[in-house]
**Q** 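Have a look at this one before I ask anything.
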There are 2 protein chains.
Amino acid sequence: MSLNTKQIEKISKALGDANRLKILQHIAKKGGCGFCSEIQEESPLAQPSVSHHLKVLIEAGLIDAEKEGRNQKYTLNDAVLKEYTSAVTMLNFA
Amino acid sequence: MSLNTKQIEKISKALGDANRLKILQHIAKKGGCGFCSEIQEESPLAQPSVSHHLKVLIEAGLIDAEKEGRNQKYTLNDAVLKEYTSAVTMLNFA
DNA sequence: TAGACACATCGAAATATTTCAATATATCTT
DNA sequence: AAGATATATTGAAATATTTCGATGTGTCTA
């Protein structure tokens, strides 16, 4: 599966915010899998704002969400991240 | 030289627009070096808009500008692009 | 089942980005 | 030097994004 311009644009936009970059770093630091509550604790933002940023990351395909009881678990989508960086490096997408 | 969060954010923002992605692709297709007039011809946007997008790419460090008479030549900054993709892949930046 | 807890959604305000007409600047040509 | 050409800047309107309080939804615990 290879990414098109619209997807590259969306992923880039998702990466174009310091709060979201921090969230991704947090998840990566936790071995690619982090919980919403942890992310909220590390963030200076209000809960709905964090929720919004997580949604943007999900819609870009950078993370996947999974419910565990009343908690949300977020997993880094390494495949998408790799496809993104690969496509951007070569500027190879339609 | 390695990129920090602010720089990653800025580059991502610059990449988060279809018009700018097209511009970069055009320059890449031309061997990493393209002219303003060409870029304007290929773009559906008005001249000031193209000029604006080029400025965003320059400020992100993705391209460098050089004057040739009354024309502007834009060169892809492969080093920055590579540092960006590398940092994003590893989510490794401060 | 009532209350607590975790998270999502809505709606509105604040801020940022995109776009273009008008105009400025710099360089080339005649 | 005057006009033409190439690009940049300004200022304003349209649009998108960010943020948060209030509230909704689903799940756990007592």
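All chains are named by letter (A, B, ...) in the order of the sequence lines, taking the proteins before the strands, and each is independently numbered beginning at 1. We use all heavy atoms of the structure for the numbers below, so side chains are in, but hydrogens, waters and symmetry mates are not.
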**Q** Starting at the 5' end of DNA chain C and moving along, which residue's nearest nucleotide shows up first, Ala65(A) or Gly16(B)?
**A**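 Comparing both residues, the 5'-ward one is Ala65(A).
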**Q** Please give, in whole Å, the distance from dA26(C) P to Glu68(B) CD?
**A**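 Distance, rounded to whole Å: 19 Å.
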**Q** Calculate, to the nearest 0.5 Å, the distance between atoms NE2 and OG belonging to His26(B) and Ser43(B) respectively.
**A**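 One gets 11.0 Å once the value is rounded to the nearest 0.5 Å.
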**Q** Show the nearest heavy-atom pair for residues Arg20(B) and Lys13(B), with the distance to one decimal.
**A**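 Between these two residues, the closest heavy atoms are NH2-O, 3.1 Å.
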**Q** Side-chain donor-acceptor pair under 3.5 Å between Tyr84(B) and Thr89(A), yes or no?
**A**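 No donor-acceptor contact under 3.5 Å links the two side chains.
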**Q** Under 4.0 Å from any heavy atom of chain B: name the first and the last nucleotide of DNA chain D that qualifies, 5' to 3'.
**A**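 Under 4.0 Å from chain B, the extent on DNA chain D is dA4(D) to dT9(D).
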**Q** So, for Ala28(A) and Leu91(B), which heavy atoms are closest and what is the spacing to 0.1 Å?
**A**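 That closest heavy-atom pairing would be CB-CD1, 3.7 Å.
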**Q** Just N and O in the side chain of Arg70(B): are any of them under 4.0 Å from OP1 or OP2 of dT25(C)?
**A**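 Arg70(B) to dT25(C) OP1/OP2: no side-chain N or O under 4.0 Å.
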**Q** Can you figure out which of dA6(C), dT19(C), dA8(C) approaches the side chain of Leu45(B) most closely?
**A**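 For Leu45(B), the side-chain atoms sit closest to dT19(C).
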**Q** Drop me the distance from Ile23(B)'s CD1 to Cys36(B)'s SG, to the nearest 0.5 angstrom.
**A**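 These two atoms lie 8.5 Å from each other.
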**Q** How far apart are the closest heavy atoms of Ile58(A) and Ala65(A), and which atoms are they?
**A**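 Of all heavy-atom pairs spanning Ile58(A) and Ala65(A), the closest is CD1-CB, 3.9 Å.
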**Q** Establish whether Val56(B) and Ile27(B) are linked, either directly or via other cluster members, by ILVMFWY side-chain heavy-atom contacts under 4.5 Å.
**A**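 Val56(B) does not cluster with Ile27(B).
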**Q** Whole Å only: how far is the CD1 atom of Ile58(A) from the C1' atom of dA8(C)?
**A**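 After rounding, the gap between these two atoms is 10 Å.
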**Q** Could you state the NZ-P distance from Lys55(A) to dA8(C), rounded to the nearest angstrom?
**A**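 Rounded to whole Å, this separation is 9 Å.
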**Q** Could you check which of dT18(C), dC10(C), dC7(C) has an atom nearest any side-chain atom of Asn71(A)?
**A**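 It is dC7(C).
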**Q** Is any side-chain N or O of Ser49(B) closer than 4.0 Å to OP1 or OP2 of dC20(C)?
**A**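 Ser49(B) to dC20(C) OP1/OP2: side-chain N or O found under 4.0 Å.
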**Q** CD of Gln47(B) versus C1' of dT23(C): gap in Å, rounded?
**A**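 Between C1' of dT23(C) and CD of Gln47(B): 11 Å.
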**Q** Check every strand shown and say whether Tyr74(A) touches a base, only sugar-phosphate, or nothing at a heavy-atom separation below 4.0 Å.
**A**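 If one applies the 4.0 Å heavy-atom cut-off, Tyr74(A) turns out to touch the sugar-phosphate alone, with no base involved.
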**Q** Nearest whole angstrom, please: distance from the P of dT19(C) to the CG of Leu54(B).
**A**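 Roughly 13 Å, once rounded to whole Å.
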**Q** Map Lys67(A) and Lys13(A) onto DNA chain D by nearest heavy atom, then report which one ends up closer to the 5' terminus.
**A**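 Between the two, 5'-proximity favours Lys13(A).
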**Q** Considering heavy-atom distances to DNA chain D, does His52(A) or Ser51(B) have its closest nucleotide positioned more toward the 5' end?
**A**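 Per heavy-atom nearest nucleotide, the more 5' residue is Ser51(B).
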